[in-house]
Each structure stands twice: as structure tokens, then as C-alpha cells.
Amino acid sequence: MHEMGIAEELFKIAMDAIPEDMTDPKVEILNLRIGKLASVVEHSLTFCFEIITKDTPLENARLVIESVPVKIHCKVCHQEWEVDSPMFKCPNCEQGEVEMIAGREIEITSIELADEKA
């Protein structure tokens, strides 16, 4: 299950992003972008993240996941389009010389911390 490794990396990145001068920080939400071809099972990632973050500032943080569609660019006619099938052939010029420009990413887009005064 590679979700455990992903959860560990998300944890490290989020912990590094917490300002050092914060007293008793608490992360409420981790906003993520995950490509459809990243092969991430959302409930498995959430489960692994819950295990890793126990007794840390990220405990009970919610993962908000935006699914990123697979986007292709044709190197011949420069058309860009989204695909939902394994057929990576340009719909415009019907050439197969294409490159994937989105759909494999795993990114933290933002981290929401609880208000220190709350």
C-alpha cells in the first residue's frame, strides 16, 4: 500500500510548514490535489494519515482532496484535452505524439491552521 508512504511525506511537508514560533499548533485541514493516474485510494490515504498523525499537531486534520483529471498535449498540433480512457491519440490531428501534462500529481495546495486564540 503506497498510501502509507504518501501519508508519511504529506505529514513531513505539513510539519515543516508549521511556523516554529507557534505555540501548540493545530492543523485543521490539508488541501490536496491528486491526479487520477497517481493511483491513490482516497480512503486508504485518509486511514494511513490518521495513523501517522496521532498525537501530533496534525491529529484530526481533514484531508480535502481535489481530483485532477488527466490532461494531454499534442506535440504536433498543440491541442490540449482531458482524457478518461487509455486512448492517448489527438482528437484534432489524430497523431499519437502526445505528452501528459496533468494527472499524476500529488500536491499540498494549502494548510489551514486553527486560530491560536481559539
Side-chain angles (χ1 to χ4, degrees):
M1 166 181 358
H2 77 144
E3 284 81 1
M4 184 59 82
I6 294 168
E8 289 171 342
E9 286 302 313
L10 293 174
F11 173 76
K12 288 176 193 172
I13 293 166
M15 287 297 292
D16 288 344
I18 296 172
E20 291 181 23
D21 61 346
M22 275 190 89
T23 53
D24 196 27
K26 177 166 176 35
V27 175
E28 291 185 338
I29 299 173
L30 225 61
N31 292 298
L32 309 173
R33 293 182 76 233
I34 299 180
K36 289 192 180 220
L37 290 182
S39 300
V40 174
V41 178
E42 188 173 328
H43 69 272
S44 293
L45 178 61
T46 301
F47 176 74
C48 293
F49 192 76
E50 287 173 5
I51 292 169
I52 290 169
T53 59
K54 183 140 177 63
D55 299 324
T56 74
L58 286 111
E59 184 172 23
N60 298 320
R62 190 165 46 100
L63 299 180
V64 175
I65 301 172
E66 173 192 349
S67 181
V68 179
V70 179
K71 195 169 185 180
I72 306 293
H73 172 260
C74 178
K75 293 181 179 181
V76 177
C77 72
H78 305 289
Q79 175 86 10
E80 290 184 5
W81 70 98
E82 290 181 11
V83 297
D84 54 6
S85 69
M87 182 75 161
F88 292 359
K89 185 172 154 185
C90 181
N92 186 48
C93 70
E94 298 190 5
Q95 296 297 310
E97 197 174 332
V98 298
E99 64 182 336
M100 187 179 315
I101 56 176
R104 284 190 264 186
E105 54 272 269
I106 300 173
E107 305 171 333
I108 297 176
T109 56
S110 66
I111 298 170
E112 297 180 31
L113 298 169
D115 189 352
E116 281 187 279
K117 298 173 187 167

Using the side-chain contact (heavy atoms from CB on, under 4.5 Å) rule, take His78 and His73 through it: C-alpha gap first, then chi angles, then the decisive distance, then the call.
CA-CA 6 Å; His78 305 289; His73 172 260; 3.5 Å; yes

Rounded distance (nearest 0.5 Å) linking atom CD1 of Ile13 with atom CD of Glu107:
10.5 Å

Grouping I, L, V, M, F, W and Y whenever their side-chain heavy atoms are under 4.5 Å apart, do Leu32 and Val27 come out in a common cluster?
yes

Hydrophobic cluster membership, with links at side-chain heavy-atom distances under 4.5 Å among I/L/V/M/F/W/Y: are Met4 and Phe49 in one?
yes

Could you check Met100 against Leu37 for side-chain contact (heavy atoms from CB on, under 4.5 Å), going step by step and ending with a plain yes or no?
CA-CA 10 Å; Met100 187 179 315; Leu37 290 182; 3.4 Å; yes

All heavy atoms of Asn31 vs all of Ile29, minimum pair found to be OD1-CG2, 3.6 Å

What one should report as the nearest heavy-atom pair of Gln79 and Cys90 is CB-SG, 4.1 Å

If two hydrophobic side chains count as joined below 4.5 Å and joins carry through other members, does Phe88 share a cluster with Ile101?
no

What closest approach, in Å, do Ala14 and Ile111 show between heavy atoms, and which atom pair accounts for it?
CA-CD1, 3.6 Å

Hphob cluster co-occupancy, Ile6 + Leu58, side-chain heavy atoms under 4.5 angstrom
yes

Hey, quick one: are Leu45 and Met15 part of the same hydrophobic cluster, counting side-chain heavy atoms closer than 4.5 Å, chains of contacts allowed?
yes

Heavy atoms, side chains only, cut-off 4.5 Å: are Ile65 and Val40 in contact?
no

Quick one: does Cys74's side chain get under 4.5 Å of Asn92's, heavy atoms only?
no

With side chains defined as the heavy atoms from C-beta onward, is the minimum distance between Ile108 and Leu10 less than 4.5 Å?
yes

For Ser67, side chain to side chain contact (heavy atoms under 4.5 Å, CB included) partners two or more places apart
Lys36

Using every non-hydrogen atom in the two residues, find where Ala38 and Glu105 come nearest and quote the distance to one decimal.
CB-O, 4.0 Å

Would you say that more than 12 heavy atoms from the other residues, nucleotides or ligands in this model lie under 6.0 Å from the CD of Glu94, or not?
no

Test item: Thr46 and Glu3 side chains (from C-beta on) under 4.5 Å apart, heavy atoms:
no

Using 0.5 Å steps for rounding, measure from the OG1 atom of Thr53 to the CG atom of Leu63.
8.0 Å

Can you pull out every salt bridge (charged side-chain N to carboxylate O under 4.0 Å, His left out) where at least one residue sits in residues 49-78? Sequence neighbours excluded, please.
Arg33-Glu66, Lys54-Glu59, Lys71-Glu80

